Amino acid sequence: MPLVPKHIKKLPPYKFVKPISEIQHELGLERVIKLDLNENPLGPSPNVVRAAKKSLKNCHRYPDSGAFELRSRLAERFNLKISNVILGIGSEGVMSNIMRTFLGPDDELIGAQNSFIGFRILAKASGVRKNWIPMKNYQYDLQAIADAINEYTKIIYLANPDNPTGSYFSIDEFDAFMKKVPDRVLVILDEAYFEYVRERSDYPDSTHYRYDNLITLRTFSKAYGMAGFRVGYGLSHENLINNLLKIKLLFEPSAPAQAGAVAALDDEDYLKISLVSNNKGRKLLEETFQELGLQYLPSVTNFITLVFKNEKSAAEFTRNMLHRGVILRHLVKWGLPECVRITIGAPEENEFFIEQLSDMSLTSS
Ligand SMILES: Cc1ncc(COP(=O)(O)O)c(C=O)c1O
């Protein structure tokens, strides 16, 4: 009997992102900025840091396994019961628990071909059959996804807004789609970038719906600037949550993460500052791309994806930027080799990126 199952053996080895200090050292650079992981460059609210620090005094104790305070606050916020809320080590942690809870060996998954890579990795690791549906003009093709449902389909994964395209589907599109999904199919609606899009009137905020076969995933990693804490949550019918709770690691997320997240929910002013800064940065980058004639995908999130004429140009751009101290994401593994994703930075990071961009286009013209 081989020690490693075939589907795990087939997975490519994970390539860790190099720490900034190593890149600086290797390339002899004074300044390096990270615009590759869609993090919030402003960091967490000072109230979050204070709350997390305070919780450290009790870190000889295990965290509250029922995460009562954070789950109650989330329930209150979304007009739900605590039994509708589950937490995890990031929303990816909840996603992983969903796969472990609901997938049997004969089940099939459906997702979009170029969407969030974290889900693709979990899907591959699950060993079940996958059906990746091509995108249309870098957007979800919900009709094609609905058409792909068959008797084996167990889970459909949708990210709205999507990473890395930055696009979203509307209320009308979502309503039409859900009509075609049978009750026996679980829809994972990943709303990691929800806060950036919540003001748009045609955005289908899934917490306004009550589908028994839908689970909403959200996170404190993006707009709340808490990626390093690793805390995310799922909202769904209590029947699904109860089954997820059987699988979830008892003490995830950590006590500082729980305390920090409660403080983050209370600090709406700080969240607004983050969102305003992001909107300004996104507008500035879009204007710059237009001036320089660079093609980009319109985004409602904290990142923008540039589209080059081919993989070679995208790779060259990413490499040149790295040598100038800007870390970007070339989207080869997403099946978008012609694309490079850029996270909106803090104001001074955006300026630095734009300086490099202008200098590069001068040098190459
Ligand atoms: C669409 C999407 N979902 C989930 C995640 C993971 O978020 P978390 O840090 O909560 O695990 C990301 C992170 O980039 C994402 O882009």
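Only heavy atoms go into these numbers, but all of them, side chains included; no hydrogens, no water, no symmetry mates. Note that ligands are numbered from 1 as they come in the structure, with each ligand's atoms numbered from 1 the same way. Position 1 is the first residue of the sequence, and the numbers go up from there. None of the values given here were measured: they were computed from a predicted structure.
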Among protein heavy atoms, which sits nearest to atom 14 (O) of ligand 1, and what does the distance come to when rounded to 0.1 Å? Lys222 NZ, 2.8 Å
Provide, to 0.1 Å, the distance between atom 15 (C) of ligand 1 and the closest protein heavy atom, together with that atom's residue and name. Phe116 CE1, 3.4 Å
Just heavy atoms, cut-off under 4.0 Å: does Tyr193 contact ligand 1 by side chain, backbone, both, or neither? side chain
Lys/Arg-Asp/Glu bridge criterion (N-O < 4.0 Å) met for Arg324, Asp359: yes
Taking only residues two or more places apart in sequence, or in another chain, which ones meet Arg341 in a salt bridge (charged side-chain N to carboxylate O under 4.0 Å, His left out)? none
Enumerate the atoms of ligand 1 whose separation from the nearest heavy atom of Arg230 is less than 4.0 angstrom. 8 (P), 9 (O), 11 (O)
Which ligand 1 atoms does Gly90 reach within 4.0 Å, using its non-hydrogen atoms? 8 (P), 10 (O), 11 (O)
Is the ring centre of Phe220 less than 6.0 Å from the ring centre of Tyr233? yes
Do the side chains of Asp266 and Arg73 get close enough for a salt bridge, i.e. N-O under 4.0 angstrom? yes
Where the closest heavy atom to atom 2 (C) of ligand 1 is concerned, which of Asp190, Asn163, Leu37 has it? Asp190
What atoms of ligand 1 come closer than 4.0 angstrom to any heavy atom of Ala192? 2 (C), 3 (N), 4 (C)
For atom 8 (P) of ligand 1, which candidate among Gly88, Ala227, Ser91 provides the closest heavy atom? Ser91
In terms of ring plane angle, is the pair Phe289 and Tyr296 parallel, tilted or perpendicular, where the classes change at 30° and 60°? tilted
Has Arg198 got its NZ or CZ under 6.0 Å from the middle of the six-membered ring of Tyr203, at an angle within 45 degrees of the ring axis? no
